[in-house]
Engineer: 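Handing you a structure now.
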Amino acid sequence: MEKAKFRIEVYYKSSDPRGQTLRRRLTMLGFGVDALFITDNYLINADISIEDAGRCAAILKQPVTQDFLVNSPYDPGDFDYALEIGFLPGVTDNVAHTVRESLEDLLAVSLDYEKSIYTSFTYFIKGGLTMDDAVLIGRELHNPLIQRIKILSRNSYVHEMGMGMDIPVVSISENPTVSEVEINLPEADLLELGRNGIPDLDGTRRGPLALDLASLQAIRNYYNNIEKRRPTDIELESIAQTWSEHCKHTIFAADMDDDVKGGIYRKYIKEATLRIRRDKGDKDFCLSVFSDNAGGIDFDDDYIIADKVETHNSPSALDPFGGSITGIVGVNRDIIGFGLGSKPVANRYGFCFSDPFHDRPLYRSRDRESRLLPSRRIMEGVIRGVNAGGNQSGIPTPQGFVYFDERYRGKPLVFVGTLGLMPKIVNGRNMVMKKAMPGDNIVVIGGRVGRDGIHGATFSSEALSSGSPASAVQIGDPITQKKLSDAVVKEARDLGLYNSITDNGAGGLSCSVAEMARESGGFEVDLEKIPLKYPGLSPWQIWVSESQERMTLSIPDVNLGKFLSLMNRRGVHGVSIGRFNGSDRGTVRLNGEVIFSLDMKFLHDGLPQKHLKTTYIKRENPEHVFPQPGDMNGIYGEMLERMNLCSYEFISTQYDHEVQGNSVIKPLQGKGRVNGNVSVIRPVAGSMKGVILSQGLYPSYSEIDPYGMAACSIDTAVRNVISAGGTMEKIALLDNFCWCDSNNPERLGQLKEAASACYDYSVAYGTPFISGKDSMFNDFKGYDSGFNEVFISVPPTLLISSLGIMEDISLAVSIDIKFSGDLIYILGLTGSRIGGSEYLAHVSGKAVGIEPLTGNLPEVDAALNAKLYRAYEKGVRMGLISSGISIERGGLGIAAAKSSVAGMLGFSIDLSKAPVKDDVRDDIILFSESQGRLLVTVDPVKQGDFESLMKGNSFGLLGHVSAGGRVEVFGRDGKLIIDTDVRRLSDAYRKTFREF
Amino acid sequence: MARPETLVLAGYGINCEEETAHAFELAGSGTRIVHINDLIADKKMLRNFNIFVFPGGFSYGDDTGSGLALANRIKNNMLDDLAAFIDRDTLMLGICNGFQVMVNIGVVPGLLNAGLFTGNAEAALEHNNTNRYQCRWVDLLVDTKSPSVFTRGIERLHVPVAHGEGNFFAPAGIMKAIDEGSLACMKYAGPAGGPADGEFPYNPNGSMNDIAALSDRSGRIMGMMPHPERGIAFTQRDDWPRLKAEMERRGSAIPVFSDGMEIFRNGVNYFK
């Protein structure tokens, strides 16, 4: 390892709040830690004097509470073990970048971009600990995939004069040249090329191209017949990226069976939107759908609202923090690159985890070291990643959910979304229209290129444990992106300096440049102009690298100087790397030599059409028969404690939802601070219009009936928007399919079922899909604690996100009941089907997802529901609704408890007054997840107006808000079956995650 | 002078400049959002302004400590210019990350060196004692004896905080001077109306003496952790749906503005 010239250690002169908190946490985890001290270490690898190193150190400490040492190890005195944690070579170190900028400013020098500064922490721990304990604590504190750790006993630390000067410099010894690839190969060798990648000289392969035989044959035919030569490695890697499932959505685009021509995406999603837009006529509010980085709808006369939801699952399984922060800042970039540039105004999140309280050890290979991070660590890391990404970017994060099921143990799902705001017209220019023009410069702005995320989604455990110098894991850098975002969206856009813009995401430049070149025709790039983090990258790596925080723009010569000068003044790196042209070919040169020359039509459309067969047959499920529990009081409290129903306030309060000042209905509602299922924002301060955000998701329903699962998800997503004050006239949907094992015809059959429900219900409600994304292989293949092979698939998961536009945010409805004596109504019909419900999981004594549940799903009658929703909508406009909550997971009982706890007022209700479809038991009325229902409170003086408004719909006057905190539920036979109070409900609701 | 001009700083991760400028505009000020690089390149522009604002955000990602890197940037490049600005009859306001910057350049509490602005910090805003970012609404109790221009005529405020490092610390000597000068112009309040007495969540970060905001002795300079600019409209409040319903049933008018607006009005009215 290389050595630093100076090592600065910054320590607290008195007490360090971070150390105390960490000590408490370690104690909670069972380690006997008596004291804990932390130093922030900065290793400087630059030719500066010792005096200057001292000046540098002085600005790295808080002047009052901290002090520093240069090249002299800190010793807190009494400690047993010291643990130093820093990054592995090539892992993004955001703090180091800030320090470099600060030192350059202080010393008025220019330092090497990547290898002048490295950071680490040292933890000094005291307690009756053994070295084994120290190793276990080290495991808790670091992630071996991205970080290095060094553990020294006190004796060694003193003897060795501290932690030393080692720095993780990236050194790549490969030969950075372009090679040709033989593709006239026997079938087996061709398959091997697709599966494991291009062979290097030493015979090792570079990692999967993920091309199937038909694709490889199409490539071979193209080279043999058209180009009459062998492909270069950069061409082949580029084609593989462009044709990947991730970029081309090959499964959604494939023909299916005999009835789906052109793919389920076209037939069920796109076609639904087309039909809805036709039906709506001049009330169509879609402005840009399925063609750009996000979907855009009409907000008002002046603005467009864009929305996009992404997933970042595989990276989050390995590095939960890095995966989720990269996900959130990545989807922000989709919005920044929507149209000619949109300003992110709100983030969404959704996390699917396994039980954090019980870890089930799993291994990636037959090796103890390959153990997956514990469920709790994955959860904490993912939550923290969105915290850092969202908060540092200054984008509010109001809307989200967390959902638990044991089938997410192998792979968590991490949904991240962003809404953007863009003016429709700036200086006479339509902001939705983007077109790279022939002759425009190809300009890349933002971070530099390293090996980050090469073969992003497909990295394997072998690749990660082989000591590969530059890790495949990426860590987002929100501040680099914030500078870029401000410079583009707040300045360059409105100066009209560019013709097109897009994000660099999957596939890096290979995809962004090729995608934009569709607008002009072709492109030519000089690869040596691309700024690198460190030398030694192969040309193909530079071209496909997914290094973060970069965007690509198309800029005419006349504006280039002005644009680059603006970027320079904003601390954003920008460089022209080539030109768009009208040639129908893409060309990449390296120092003048052509290393890539492809027909654009082949690159984009040469992928052979797939034809997939599906075999799914809906199972007939027996109903689960069980007696009504005797102690409903106890059951009520236990239901509120369930992970999928209880408070997750600890997430809401650590995500800044007030920045930009646009929050209206917040993630925590009422005095009792209850997580609502819907948020409202006011994105334009001068307008009373608002945007309502929500979602629907029922993974526990999928194995019972994927069609019904999708129907329930859509109904919930729509109903939630309505509950807060939305209108059926203006609700749009986004789809995120996170499927599993998608080579399996039965899984594909479930997919087809779910997609066809998306068509039926979006059309029935008139709520168009405007954007979507799929992730088809959320499976884990590995070993359990006995090293038996296991294959864990996530339940087929469909997230339907919804957004609605409301005219007047001062009419927004909150969930908290507000006045004693107000009347409580249930709207909609309750039925007895409880398959997949939280209640059934609870009475079966099982965590959700341990085994497929019995029973059938609630049916969704869209026409009936839409009628009710329109009546509710009118009630909101007339000011008749004092509080309103959409009844979803956990049913009426949970909705009532949430409204009650939010208002800190009790209630008294009579279940015999709830309109039912069939003969429904008391416990089922309380916890059935029948769709199409809302629970509202109404001022008694408005009873007449409300009931006449609701005429023609199913509704029942259940009871009233109590004068004190008492909570009473009477069964159908008039007996009191629940007798408790709001304080106890509140305690149960908050109990589960109290320590988080 | 009737209409003051306000400079709102931006760049490098500052992220509350737009809503802060909006609040000053509503209060009647002319405003301009200025990137720190543009300001350093043309420091003379400070002469055109009456109010200087360090808005909230995550300048330099809070790397090495909140507000520290931006404070270093200011110290390296424009300490004298800022001192000259303060010497005029001007106002300076820092919110959240802006307060952290102001503490690190020593402009609040500004007690040592006979009140001369030397760039040396006298206090610190440490990690919250929960060691977690806290976004929540708080009640603030104003010290009516404080010299602060910004809190004139205000007794209480309901506004949000959103920060990971707002835990105020000062050495005993400084703390004594803060108390004697009534410089802790706003403190976190508990449910009964008195000071929060360190109790979470009323005091959201563990600040000494529940300190939420700090004035210099002249009263023209104030830094505060809470975000008044996020609480200027009635519908920004966390409790507005209930308040609105109560007002409707009482038959009283629904207000347009909320507590945070007073801070900005006081700033602008200083020049009237």
Side-chain angles (χ1 to χ4, degrees), chain A residues 10 17-18 20-22 40 59-66 94-95 97-99 101-102 105-106 387 391-394 478-479 482-483 486 569-571 650 652-661 663-666 668-671 682 685 809-810 812-814 816 818-819 879 882 903 939, chain B residues 10-13 15-16 18-19 22 35 37-38 41 56-58 60-65 68-69 72-73 76-77 104 120-124 126-136 160 162 164 167 169-171 206 227 229-230 232-233 235-236 238-239 241-242 244-246 248-249 254:
Chain A
V10 174
R18 295 174 306 175
Q20 293 166 24
T21 312
L22 183 57
D40 298 77
I59 70 160
L60 294 171
K61 70 174 181 94
Q62 206 290 332
V64 175
T65 54
Q66 295 180 322
N94 291 329
V95 177
H97 289 177
T98 296
V99 171
E101 283 191 34
S102 289
D105 191 47
L106 176 74
N387 166 326
N391 292 353
Q392 293 188 28
S393 303
I479 295 306
K482 174 69 175 155
K483 289 191 282 184
D486 286 354
R569 278 179 284 130
R570 297 298 170 250
F650 75 104
S652 306
T653 50
Q654 67 176 287
Y655 291 176
D656 188 347
H657 44 269
E658 300 286 357
V659 64
Q660 298 189 12
S663 165
V664 177
I665 295 290
K666 297 154 199 281
L668 295 165
Q669 297 193 36
K671 285 182 202 161
R682 180 191 192 182
I809 49 128
S810 73
V813 180
S814 64
D816 51 318
K818 296 178 179 71
F819 301 94
S882 177
D939 183 347
Chain B
Y12 289 91
N15 62 34
C16 302
E18 289 189 348
E19 53 268 38
H22 177 68
H35 194 282
N37 289 353
D38 290 352
F58 266 88
Y60 292 90
D62 277 0
D63 300 335
T64 75
L68 195 52
N72 286 327
R73 188 86 196 282
N76 290 342
N77 293 282
N104 277 318
N120 294 323
E122 299 164 0
E126 294 293 301
H127 289 270
N128 295 351
N129 59 357
T130 56
N131 202 25
R132 182 172 279 169
Y133 195 92
Q134 296 290 344
C135 177
R136 52 175 75 241
N167 180 358
F169 169 85
H227 284 275
E229 82 284 9
R230 302 180 184 181
I232 57 173
T235 55
Q236 285 175 318
D238 59 340
D239 53 1
R242 178 173 54 82
K244 180 188 168 218
E246 285 171 3
E248 274 176 352
R249 291 196 194 187
I254 313 292

Engineer: In terms of heavy-atom proximity below 4.5 Å to chain A, should B:Glu248 be classed as side chain, backbone, both, or neither?
Structural biologist: neither

Engineer: For A:Gln669, is it the side chain, the backbone, both, or neither that has a heavy atom closer than 4.5 Å to a heavy atom of chain B?
Structural biologist: neither

Engineer: So what's closer than 4.5 Å to chain B heavy atoms on A:Val95: side chain, backbone, both or neither?
Structural biologist: both

Engineer: So for A:Thr653, is it side chain, backbone, both, or neither that comes closer than 4.5 Å to the heavy atoms of chain B?
Structural biologist: both

Engineer: Pick one of side chain, backbone, both or neither for B:Glu18, based on which atoms fall under 4.5 Å of a heavy atom in chain A.
Structural biologist: side chain

Engineer: Specify the closest pair of heavy atoms between B:Glu19 and A:Gly661, including all atoms of both residues, with the distance to one decimal.
Structural biologist: OE2-N, 4.1 Å

Engineer: Donor-acceptor pair, distance only, cut-off 3.5 Å: does the side chain of B:Glu229 make one with the backbone of A:Val659?
Structural biologist: no

Engineer: Tell me, for B:Asp238 versus chain A, whether the close heavy atoms (under 4.5 Å) come from the side chain, the backbone, both or neither.
Structural biologist: both

Engineer: At a heavy-atom separation under 4.5 Å, does B:Phe169 approach chain A through its side chain, its backbone, both, or neither?
Structural biologist: side chain

Engineer: With sequence neighbours excluded, tell me which residues meet ring pair (Phe, Tyr, Trp, His ring centres under 6.0 Å) with B:His22.
Structural biologist: none

Engineer: Answer with side chain, backbone, both or neither: which region of A:Asp105 has an atom nearer than 4.5 Å to a non-hydrogen atom of chain B?
Structural biologist: both

Engineer: According to salt bridge (Lys or Arg N to Asp or Glu O under 4.0 Å), who are the partners of B:Arg249, at least two apart in sequence or on a separate chain?
Structural biologist: A:Asp822, A:Asp939

